[in-house]
Amino acid sequence: QVQLVESGGGLVQAGGSLRLSCAASGRTFSREAVGWFRQAPGKEREFVAAIRWTGGSTHYSNSVKGRFTISRDNAKNTVYLQMNTLKPEDTAVYYCAADPQGWAASTEASYDDWGQGTQGTVSA
């Protein structure tokens, strides 16, 4: 299994940006798909974005499409989530997760390894 650590969260005003990082240790992301999920206060955890280890294959939820961009740097064993045009409803704990099957699915059951999360807060 891979150990995942999220970073880059913080407080930002509406319309601003945050760049989240998901760093792996213990193993590499060589053939893993990586997904980002988030959980807002009082809500269930939801899918945000995912990327396959092969190039050019990404998937976004409708709520973030056009605003968020997922990318990966396999040399650094890191996956990023660039979040632009942030809204207060984007406030959540953001988690990254690894899928050894590499499908970049949108369901939590597809992912085996999860990070501890990083808090992103968007003020109005």
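The environment of Q116 atom CD is sparse: at most 12 non-hydrogen atoms of other residues, nucleotides or ligands sit within 6.0 angstrom.
For C22 against W36, the heavy-atom pair with the smallest separation is CB-CZ2, 3.6 Å. Y60 and A49 make their closest contact through CD2-CB, 3.6 Å (heavy atoms, listed as atom of the first residue, atom of the second, distance). Across all their heavy atoms, A33 and A104 have their closest contact at CB-N, 3.3 Å. Scanning both residues, S106 and F47, for their nearest heavy atoms gives O-CB, 3.3 Å. Smallest separation of non-hydrogen atoms from T58 and I70: CG2-CG2, 3.9 Å. Here the closest heavy-atom approach between residue R38 and residue S63 is recorded as NH2-OG, 3.5 Å.
Between F37 and W114, the ring-plane angle classifies as tilted under the 30° and 60° cut-offs.
When side chains are defined from C-beta on, E89 does not count as touching V122, because their heavy atoms never get closer than 4.5 Å. The shortest side-chain heavy-atom distance between V34 and R72 falls under the 4.5 Å cut-off.
There is no path of hydrophobic side-chain contacts, each under 4.5 Å, that joins L4 to W103. Hydrophobic clustering (side-chain heavy atoms under 4.5 Å, transitive across Ile, Leu, Val, Met, Phe, Trp, Tyr) keeps V48 apart from Y95. Residues I51 and Y111 do not share a hydrophobic cluster, defined by chaining ILVMFWY side chains whose heavy atoms lie under 4.5 Å apart. Note on V79: it clusters hydrophobically with F68, by side-chain heavy-atom contacts below 4.5 Å among ILVMFWY residues.
Distance check: H59 NE2 to K65 NZ gives 6.5 Å after rounding to the nearest 0.5 Å. Distance CG/D90 to OG1/T121: 11.0 Å, rounded to 0.5 Å.
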N/O donor-acceptor pairs under 3.5 Å from side chains in residues 7-21, not counting sequence neighbours:
{"unit_1": "S17", "atom_1": "OG", "unit_2": "N84", "atom_2": "OD1", "d": "2.8"}

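Not one N or O on the side chain of Y80 forms a donor-acceptor pair closer than 3.5 Å with the backbone of T69.
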